[in-house]
Asks: 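Mind looking over this structure? Questions follow.
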Amino acid sequence: MSTQLLDAASIGTASRYFQERQQNLLAACIEDLANLRFSIILTARWEASASEDLERRSELRSDLVELRRKYSLKIDHIAMSFGIQSAMFAKEEVERNTCVPLGMDYQLAPCEDDCE
C-alpha cells in the first residue's frame, strides 16, 4: 500500500471524527442555551408574579439579569466556536422551541421553606 493512499484514508477518518465531534459539541451548546432560555422564562414569570414579596422579586430580577447575561455569552461562544450562522440558527431554534407548559411554572416555583 502506498503512503499516499494511507494518508488519504487517515485524513478521511480524522475528518469524519472531527466533524462528528463538532456536531456533538454544538448540540451540547444548544442544549445549554435551551436550559438557560427555560430558566429565563421561569424566572421572568416568577419575578412578575404578584404572589412574590418585593425583596424576593428584587432577587429574582437580579437572577434574571445574570441569566440573560449568560444566555448572551453562550450565543457569543457558539458564534466564535462554530460560526455566526450556527449561532443564529441555535438562537432561533431555542427561542422557537423552548417553552414552559401551562401550569408548570407554579409547580417548579422556588420554595424557600423546605427545598434545599
Side-chain angles (χ1 to χ4, degrees):
M1 180 182 255
S2 76
T3 308
Q4 190 175 22
L5 289 176
L6 183 60
D7 290 342
S10 297
I11 290 171
T13 303
S15 177
R16 280 192 301 276
Y17 170 77
F18 179 75
Q19 197 172 31
E20 283 180 23
R21 186 170 180 267
Q22 287 295 95
Q23 289 173 347
N24 291 339
L25 289 172
L26 178 58
C29 284
I30 291 173
E31 187 174 333
D32 290 345
L33 193 65
N35 288 334
L36 285 168
R37 175 78 175 163
F38 184 80
S39 295
I40 288 168
I41 293 168
L42 280 179
T43 304
R45 287 184 184 179
W46 294 331
E47 188 273 330
S49 172
S51 65
E52 299 293 339
D53 63 26
L54 290 177
E55 183 179 334
R56 181 68 182 140
R57 290 174 76 181
S58 178
E59 289 175 17
L60 289 168
R61 201 170 298 118
S62 296
D63 292 347
L64 194 54
V65 167
E66 182 62 19
L67 286 168
R68 287 179 174 150
R69 186 185 70 77
K70 287 180 180 181
Y71 184 80
S72 179
L73 289 174
K74 181 57 79 172
I75 293 169
D76 288 348
H77 169 75
I78 293 170
M80 292 188 312
S81 300
F82 305 100
I84 294 171
Q85 187 63 42
S86 293
M88 290 171 55
F89 172 77
K91 181 179 182 288
E92 289 170 4
E93 180 181 337
V94 163
E95 290 180 358
R96 183 177 50 250
N97 295 321
T98 304
C99 63
V100 178
L102 291 176
M104 182 182 237
D105 52 348
Y106 295 109
Q107 294 171 359
L108 297 175
C111 48
E112 298 172 3
D113 301 330
D114 56 356
C115 295
E116 294 187 56

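FYI, the numbering just counts along the sequence from 1. Note: hydrogens, waters and symmetry copies are ignored here, and every other heavy atom, side chains too, is used.
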Asks: Could you state the interatomic distance from CD (Glu55) to CG (Leu60), rounded to the nearest 0.5 Å?
Replies: 11.0 Å
Asks: Return the CZ to CZ distance between Phe18 and Arg21, rounded to the nearest 0.5 Å.
Replies: 7.5 Å
Asks: Grab the two heavy atoms, one from Thr98 and one from Phe38, that are nearest each other, plus how far apart they are.
Replies: CG2-N, 3.7 Å
Asks: Would you call Gln22 and Leu25 a side-chain contact if the rule is heavy atoms closer than 4.5 Å?
Replies: yes
Asks: Would you say Leu33 ends up clustered with Leu67 if hydrophobic residues are merged whenever their side chains have heavy atoms under 4.5 Å apart, either directly or through other cluster members?
Replies: yes
Asks: How many angstroms lie between atom CZ of Arg61 and atom CH2 of Trp46, to the nearest 0.5 angstrom?
Replies: 15.5 Å
Asks: Tabulate below the donor-acceptor pairs under 3.5 Å that side-chain atoms of residues 75-94 make, not counting sequence neighbours, or state none.
Replies:
residue	atom	partner	partner atom	Å
Ser81	OG	His77	O	3.0
Ser86	OG	Phe82	O	3.2
Lys91	NZ	Glu95	OE1	3.3
Lys91	NZ	Glu95	OE2	3.3

Asks: As an exercise, state the distance from CG of Asp63 to CZ of Arg56, rounded to the nearest 0.5 Å.
Replies: 6.5 Å
Asks: Check Asp32 against Lys74 and note the closest heavy-atom contact, atom names and distance.
Replies: OD2-NZ, 3.5 Å
Asks: What's the spacing between Ile30 CD1 and Arg37 CZ if we round to 0.5 Å?
Replies: 15.0 Å
Asks: Could you state the interatomic distance from CD1 (Ile40) to CD (Glu66), rounded to the nearest 0.5 Å?
Replies: 10.5 Å
Asks: Okay, side chain of Ser39, backbone of Asn35: is any donor-acceptor separation there less than 3.5 Å?
Replies: yes
